[in-house]
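Structure record follows, encoded as C-alpha cells.
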Amino acid sequence: GTKTQWIRLERAIAVMAVFIIPVAVSVHTIISWILATTVQPGWHSSIFGPYFVVGAIFSGIGALFIAMTVIRRIYRLENIIAEKQFRNLGLLFLTMNIVWFYFTYSEHLGVAAGQQVEEFPVLASKLWGEFAGGFWLMIISMVIAFWVLVVPGMISERRAAAPLFRPRTGMAFSGGLVAVAAMMFGPGLVPQLQIWDRLAEASLAFQDPVSRTVGWLLMILLAGMAGLGFGHWLKHRTVTATVIASFFVLIGMWLERWNIIIPTMTHPRLIPYATYQPTLTELALTAGSFALFGLMFTLFFRIFPAVSIWEIAEGRVVQEAQSKIVIPPPEPSGDKDRRRRWGFRISRGG
C-alpha cells in the first residue's frame, strides 16, 4: 500500500490498457480471416475483420451487463456497482449497436450490388427465403435493443404524464401485436391445434401480398406504440433497461453467427445445394457450451472476490478527499472590470 506500489500499479494498468487493444483485434480477426480466405459465397469479403471485432465487443458488453447484474443482485453490491457504471458502459454499448448496424448494412449491400451468381442466392435466402425468419429476428432484436437504450431517455417528465407513456398502454398495444402476429403466423406454425381454427379464418385476410404488407406495417406500428408505453417506466430503471437490451443483443448476435454460417454452407460453390437441420448432438453441444460458461463464471466468483478490493479502497480515498475540498463558485465581474477589459481590447485592436 505504499506510494511507490500505487504508482507501479497505475503504470502497469496504463500499459495493459494499450496492449489489450491489438491483442483483442488480432484474436477476433482470426476466425474472420479463416472465413474470408475461402471461396464460399458470402464469406469472401474484406469487411469481415472489423465486422467480427465489433461483434465481439458488442456481444461481450451484453454478456457483461447480464453477468454483473446477476452478481450485483446475489452479493448485494448495489452500493459498489451503481447505476453510474451501467450508464457509462451503456454509452459504449449504444455506440457498438450503431456501428454493428453500419457493418451489417455494408456487408449485405456489397453482395446485393455485386449480383454474383453464387453469392446472390445466399442473400436471397436470408432476406426472403428459408432463412428469412432468423435474419429478420436478428434485425428486430437489435432494433429493440437500440430502442430500449435511446427512446426512454428522450421522454421528458412533462410528456410522461400523457396516457401514451404508461405501462398499461404498452400492455394494451403488446396484446394487439400478439393478436396480429397470431393471425398472420399462428395457423401456419401450429396447424394441428384446434385453437387456431378461428385464427385461421381471421388469417385469410392476410393471405394476399398487399394485406400481408399492411399486416407487417400494423405490427411495426403496434410494436412502436408498445415501446413508447414502457418508455417512461424504463427511463427510471437503468439497470432493467440495460439487461433487457443486453438480452436482445445476445439473441441477435447468436443469430448473426447463424446467418453467416448456415445459409452459406447450404449454398456452397463446389457441391450441390443442401438443407440443414440441427441434430440433437449439436443442440446438446450448444447447450453444454452455455452451461460450461455459467459453471466457470460461478466457480470464479466462488474463489475470487466479485469486485476488485484495491479499486474499492482507492475509490473510498478519492471520495473522502473530494468531500473535504470545497470549490467556490466563480464570482461575476463588475461593470467596471468589464469596461476595463473592453477598453484594453480596443486599444490592442481586438
(message) Check whether T169 reaches the backbone of F165 with its side chain - one donor and one acceptor, N or O, closer than 3.5 Å.
(response) no
(message) For a 4.5 angstrom cut-off between non-hydrogen side-chain atoms, does T279 reach L283?
(response) no
(message) Using the rule that Ile, Leu, Val, Met, Phe, Trp and Tyr join whenever any side-chain heavy atoms are under 4.5 Å apart, tell me whether M16 and L64 fall into a single cluster.
(response) no
(message) Count I, L, V, M, F, W, Y as connected when their side-chain heavy atoms are under 4.5 Å apart, and connections chain through other members. Are L295 and I303 then in the same cluster?
(response) no
(request) Give a yes or no answer on whether the side chain of Q5 reaches the backbone of T2 with a donor-acceptor pair at less than 3.5 Å. (result) yes
(message) Under 4.5 Å between side-chain heavy atoms, counting indirect links through other Ile/Leu/Val/Met/Phe/Trp/Tyr residues: same cluster for M96 and I260 or not?
(response) yes
(message) Quick one about E130 and Y276 (side-chain donor to acceptor, distance below 3.5 Å, no hydrogens or angles considered), yes or no?
(response) no
(request) State, with a plain yes or no, whether a side-chain heavy atom of T238 is found less than 4.5 Å away from one of R87. (result) yes
(message) As an exercise, state the distance from CZ of R76 to CD1 of I81, rounded to the nearest 0.5 Å.
(response) 15.0 Å
(request) For the pair Y75 and F301, name the ring-plane relationship: parallel under 30°, tilted 30 to 60°, perpendicular over 60°. (result) tilted
(message) side chain to side chain contact (heavy atoms under 4.5 Å, CB included), that's the test. Do L89 and Q85 meet it? Break it down for me.
(response) CA-CA 6 Å; L89 191 58; Q85 282 79 14; over 6 Å; no
(request) For A245 and A145, work out which heavy atoms get closest and say how close. (result) O-CB, 3.6 Å
(request) Can you label the angle between the F135 ring and the H108 ring as parallel, tilted or perpendicular, going by 30° and 60°? (result) perpendicular
(message) So, taking the atom named CE in M171 and the one named CZ in F230, what distance separates them when rounded to the nearest 0.5 Å?
(response) 5.5 Å
(request) Could you grab the distance from atom CH2 of W6 to atom CZ of R11, nearest 0.5 Å is fine? (result) 15.5 Å
(message) For R237, I'd like to know if atom CZ has over 12 heavy atoms of other residues, nucleotides or ligands within 6.0 Å.
(response) yes
(message) Donor-acceptor pair, distance only, cut-off 3.5 Å: does the side chain of E119 make one with the backbone of Q116?
(response) no
(message) If hydrophobic clusters are built by linking Ile, Leu, Val, Met, Phe, Trp and Tyr wherever their side-chain heavy atoms come under 4.5 Å apart, do L299 and M68 end up in the same one?
(response) no
(request) Group every Ile, Leu, Val, Met, Phe, Trp and Tyr by side-chain heavy-atom contacts under 4.5 Å, then state whether I61 and V150 land in the same group. (result) yes
(request) Could you pull out the closest heavy-atom pair between N259 and F131, with the gap in Å? (result) OD1-O, 4.2 Å
(message) Using every non-hydrogen atom in the two residues, find where S106 and I47 come nearest and quote the distance to one decimal.
(response) CB-CD1, 3.5 Å
(message) Quick check for you: to the nearest 0.5 Å, what is the distance between T298 atom OG1 and R302 atom CZ?
(response) 10.5 Å
(message) Testing the basics here: between F146 and I98, what is the closest heavy-atom pair and its distance to 0.1 Å?
(response) CE1-CG1, 3.9 Å
(request) Could you tell me the separation between the CD atom of E256 and the OG atom of S59, rounded to the nearest 0.5 Å? (result) 8.5 Å
(message) Do the side chains of R316 and E320 get close enough for a salt bridge, i.e. N-O under 4.0 angstrom?
(response) no
(request) Identify whether NZ of Lys or CZ of Arg in R257 sits under 6.0 Å from the centre of the six-membered ring of F52 and within 45° of that ring's axis. (result) yes
(request) Please confirm whether Y105 and F101 have ring centers closer than 6.0 angstrom. (result) no
(message) Let me confirm one number: the CG-CG distance from L149 to L234, rounded to the nearest 0.5 Å.
(response) 10.0 Å
(request) Verify the distance criterion only: is there a donor paired with an acceptor across the side chains of T104 and Y51 at less than 3.5 Å? (result) yes
(message) Looking at L127, is its backbone amide N or carbonyl O close enough to the side chain of W136 to form a donor-acceptor pair, meaning the two atoms are under 3.5 Å apart?
(response) yes
(request) Using modelled atom types only, decide if a donor and an acceptor are shared between the side chain of K235 and the backbone of I155 within a distance under 3.5 Å. (result) yes
(request) Check whether any side-chain N or O of H44 sits under 3.5 Å from a backbone N or O of T37 as a donor-acceptor pair, and report yes or no. (result) no
(message) Is it true that, when you exclude F297 itself, more than 12 heavy atoms of the residues, nucleotides or ligands shown sit nearer than 6.0 Å to its CZ?
(response) yes
(request) Flag the pair S141 / L137 as yes when at least one side-chain heavy-atom distance between them is below 4.5 Å, and no otherwise. (result) yes
(request) Using atom types as modelled and distance alone, determine if a side-chain donor or acceptor of W100 lies under 3.5 Å from a backbone N or O of M142. (result) no
(message) Are the side chains of F248 and V148 in contact, using a 4.5 Å heavy-atom criterion?
(response) no
Enumerate, atom names and distances included, each donor-acceptor pair closer than 3.5 Å involving a side-chain atom of residues 17-33, sequence neighbours excluded.
residue, atom, partner, partner atom, Å
S26, OG, P22, O, 3.0
S26, OG, V23, O, 2.8
T29, OG1, V25, O, 2.7
T29, OG1, S26, O, 3.1
S32, OG, T29, O, 2.6

(request) Could you tell me whether the side chain of R73 reaches within less than 4.5 Å of the side chain of T69, counting heavy atoms only? (result) no
(message) Could you report the tightest heavy-atom contact between P50 and F103, atom names first, then the distance?
(response) CB-CZ, 3.8 Å
(request) Evaluate the side-chain proximity of E118 to H267: yes if any heavy-atom separation is below 4.5 Å, no if none is. (result) no
(message) Quick one: does any side-chain atom of T264 pair with a main-chain N or O of I261 as donor and acceptor, under 3.5 Å?
(response) no
(message) Let's go through Q40 and V122 carefully: what are the C-alpha distance in whole Å and the side-chain angles of both, what is the deciding distance for side chain to side chain contact (heavy atoms under 4.5 Å, CB included) to 0.1 Å, and is it a yes or a no?
(response) CA-CA 10 Å; Q40 298 291 350; V122 178; over 6 Å; no
(message) I'd like to check F65 versus V243 (side-chain heavy atoms, cut-off strictly below 4.5 Å). Are they in contact?
(response) no
(request) Of all the heavy-atom pairs spanning P263 and W258, show the shortest one and how long it is. (result) CD-O, 3.3 Å
(request) Would you indicate whether the side-chain heavy atoms of R72 and V239 approach each other to under 4.5 Å? (result) yes
